[in-house]
Amino acid sequence: MSIMYRSTRGEGGEYTASRAILQGLAADGGLFVPTSYPKLDKSLTELAAMDYQGVAYEVMKLFFSDFTEEELRGCIERAYDAKFDNAEIAPLVYADNAYYMELFHGATIAFKDMALSILPHLLTTSARKNNSKDEIVILTATSGDTGKAALAGFADVPGTRIIVFYPKNGVSRVQELQMVTQKGDNTTVIGVTGNFDDCQTGVKMMFGDKALREDMSKVGMTFSSANSINIGRLVPQVAYYVFAYTRLLAEERIKAGDEVNFVVPTGNFGNILACYYAKKLGLPVAKMICASNENKVLYDFFKSGTYDRRREFILTNSPSMDILISSNLERLIYHSTGNDAAKNAELMKKLSAEGAYTITEDMKAELADFVAGFASEKDTAEEIHELYDRTGYIIDTHTSVASHVYRKYRVESGDETPTVIVSTASPFKFARSVMSAVNGVTDTRDDFEIIDELSVKANVAEPPAIGEIRTAPIRHNTVCATEDMQKEVRKILGITEA
């Protein structure tokens, strides 16, 4: 079955997977979505006998149907290799009545590695398949983790350049050091004097700027995206939900066909949307529990049916979730309309112009399997502390949001369905906040002293990603205002305005 892609806003017709990956964002500002949902063509029992790479192939081949088996297996083998420090790639750890799916064993110790390890290979393969000779310019906004994972994935990949924008005072010190020390002749990192939403909006505006695209085309360059708005970023994430289920099956924790809940700490909505697509594939998912921090725009949306970004932006200790405009939600909204692009475009226009929209009762029915919860900063710290006290297992601040939301949901609902909590980052990435929570006092020591103690308390060796930044020189120190983002991009690419 050949799966094609179209824009959530209706313009441009149908695209192959490789063309959609290469373009990143639809020309009308919409996101690419499959025209139909494929179904798993291997049984869950067959999948349970496979390793991560095998499961990933069986999932991705369904969505990327214009890739040959050799092309896709090659991308997978180059992505999920020795740069992951655990042979299982995405192991499950059982602690306190839940399974924590650790997605932070890649090169940059965050879940973004799961997709951004393969995206460069998907993109360069897509370019060859579409006879594109243009240099691919990856333009990305990050709330902390996408940036480093994308930089690591694309560094020195022939035929590509990557430019990452991040909120200058909106990421952890470790996150910032990971980005600004990045090597690679084709990499650029720029701090923005604004928040993540400002960065994301600036990037979207550049993607939609016809004059900029034409100026780039004249010199043989084309934009693509490494954000989760790229379908080549989203589909690889579907694989780890299927993999988690098959590990529970292989370990006889469940029987084939038993339902499982997933709890996902959520910001830009890509990670939990991948779970929704896994359910559409036929994975027996019961509830998808959307966990928000104090920027609880998604919690309010699922509770009320109104998405309203007109609120205070709060800087929290789970910065990758400090988002008020959840871009990937647009894909779910589109599906909830019955794939009505005109209706979706109308809602997105309303969000842009007025800052809010409200969905219909019929659309709400499509969202019935989603549950929403949120955690305050106090809840997040207490969850880290209490889980460590009870089990000795240490989680990061984002995973803690999900963990707290799950505990509360379980008590209030009485739902005893086996549950996987998606652990999106290593505690080493947010060591100051984590150890302040574990010890119950605000930690003011040097970041690396704190990391040393965390390693002892967690009984886990310091990840290589941390060792690398202890003494690495700063290579990127540009900071700009939001309104100057395009000016910086033109300067980097050597393109002047006509």
Side-chain angles (χ1 to χ4, degrees), residues 3-8 15-26 30-38 55-67 72 75-76 79-80 90 103 110-123 125-126 138 140-143 145-146 149-150 153 200 203-204 207 224-244 262 264-281 283 285 288 290 298 320 323 326-336 339 344 370 422 424:
I3 298 294
M4 300 294 285
Y5 291 83
R6 65 162 66 104
S7 169
T8 51
Y15 292 70
T16 61
S18 61
R19 272 194 68 205
I21 290 168
L22 198 56
Q23 190 164 318
L25 189 70
L31 309 186
F32 287 115
V33 286
T35 55
S36 60
Y37 297 116
V55 171
Y57 173 72
E58 294 300 331
V59 170
M60 290 188 221
K61 75 175 188 185
L62 302 173
F63 288 98
F64 299 154
S65 54
D66 66 323
F67 282 67
L72 190 51
C75 290
I76 288 167
Y80 305 111
L103 298 180
F111 84 103
K112 307 295 174 77
D113 288 322
M114 301 298 296
L116 284 165
S117 293
I118 192 169
L119 182 60
H121 306 296
L122 293 174
L123 263 172
T125 302
S126 294
I138 303 298
T140 291
T142 183
S143 56
D145 289 336
T146 288
Q200 182 167 248
V203 165
K204 280 186 171 180
F207 269 99
S224 193
S225 172
N227 278 76
S228 54
I229 55 175
N230 192 317
I231 198 70
R233 218 344 252 287
L234 184 62
V235 167
Q237 295 179 263
V238 179
Y240 52 68
Y241 289 100
V242 179
F243 182 72
F262 286 93
V264 190
T266 310
N268 215 21
F269 208 75
N271 203 356
I272 196 165
L273 183 73
C275 186
Y276 173 83
Y277 278 179
K279 185 177 173 73
K280 292 295 186 183
L281 281 181
L283 194 70
V285 177
M288 293 166 280
C290 177
L298 287 166
S320 297
I323 295 171
S326 300
S327 287
N328 268 290
L329 184 64
E330 178 172 346
R331 285 185 165 111
L332 183 64
I333 295 301
Y334 169 82
H335 293 310
S336 75
N339 298 347
N344 175 70
F370 285 90
V422 179
T424 53

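Since the structure is predicted, the reported quantities are computational estimates derived from the model, not experimental observations. Any value given below was found using the heavy atoms of this structure, including those in side chains, with hydrogens, waters and symmetry copies removed.
- Residues Phe64 and Val235 have side chains in contact (heavy-atom distance under 4.5 Å, counting atoms from C-beta outward).
- Ser320 and Lys112 share no side-chain donor-acceptor pair at under 3.5 Å.
- Nearest approach of Ile21 to Leu123, heavy atoms of both residues: O-CD2, 3.5 Å.
- Although no hydrogens or angles enter the test, the distance criterion places a donor-acceptor pair under 3.5 Å between the side chain of Thr35 and the main chain of Met4.
- Within the 4.5 Å cutoff, the side chain of Leu103 has no heavy atoms near those of the Gln237 side chain.
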Working for side chain to side chain contact (heavy atoms under 4.5 Å, CB included), residues Tyr276 and Leu332: CA-CA 9 Å; Tyr276 173 83; Leu332 183 64; 3.7 Å; yes
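- Contact detail for Cys290 and Leu298: the closest heavy-atom pair is SG-CB, 4.1 Å.
- Between the CG atom in Asn328 and the CG atom in Leu273 there is a gap of 5.5 Å [rounded to 0.5 Å].
- Distance check: Ile323 CD1 to Gln200 CD gives 6.5 Å after rounding to the nearest 0.5 Å.
- Using a 4.5 Å heavy-atom threshold, the side chains of Thr266 and Ser326 count as separate.
- For the atom pair CG (Asp66) and OG (Ser126), the distance works out to 7.0 Å, reported to the nearest 0.5 Å.
- Closest of all the heavy-atom pairs between Ala226 and Ile138 is CB-CG2, 3.5 Å.
- Applying the ring-ring contact (aromatic ring centres under 6.0 Å, His included) test to Phe207 and every residue at least two apart in sequence or in another chain returns Phe223.
- With Phe32 as reference, Tyr15 is the one residue of Tyr5, Tyr15, Tyr334 to meet the ring-ring contact (aromatic ring centres under 6.0 Å, His included) rule.
- Residues Phe243 and Ala90 approach most closely at CE2-O, 3.6 Å, considering heavy atoms.
- Between Tyr277 and Val33 the shortest side-chain heavy-atom distance falls below 4.5 Å.
- The distance from atom CE of Met288 to atom CD1 of Ile272, rounded to the nearest 0.5 Å, is 7.0 Å.
- Nearest approach of Ile231 to Arg331, heavy atoms of both residues: N-NH2, 3.8 Å.
- In this structure the side chain of Ser36 reaches within 4.5 angstrom of the side chain of Ile3, judged on heavy atoms.
- Thr8 places a side-chain N or O within 3.5 Å of a backbone atom of Leu31 that can act as its donor or acceptor partner.
- Counting heavy atoms from C-beta on, the side chains of Leu72 and Leu122 come closer than 4.5 Å.
- When all heavy atoms of Ala79 and Ser117 are compared, the pair lying nearest together is CB-O, 3.5 Å.
- In this structure Phe63 satisfies the ring-ring contact (aromatic ring centres under 6.0 Å, His included) test with no other residue, sequence neighbours excluded.
- Between Pro236 and Met60 the shortest side-chain heavy-atom distance falls below 4.5 Å.
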Verdict with reasoning, Val203 to Thr140, per side chain to side chain contact (heavy atoms under 4.5 Å, CB included): CA-CA 7 Å; Val203 165; Thr140 291; over 6 Å; no
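- Judged by distance alone, with hydrogens and angles left aside, the side-chain atoms of Asn268 form no donor-acceptor pair with the main-chain N or O of Gly270 at under 3.5 Å.
- No donor-acceptor distance shorter than 3.5 angstrom exists from the side chain of Thr146 to the backbone of Thr142, with no hydrogens or angles considered.
- Qualifying side-chain hydrogen bond (donor to acceptor under 3.5 Å, both in side chains) partners for Asn271, counting only residues two or more places apart in sequence or in other chains: Tyr240, Tyr241.
- Distance check, rounded to the nearest 0.5 Å: CG of Asn230 to CG of Leu116 gives 9.5 Å.
- Residues Val242 and Glu58 form no side-chain contact, since every pair of their non-hydrogen atoms from C-beta on lies 4.5 Å or further apart.
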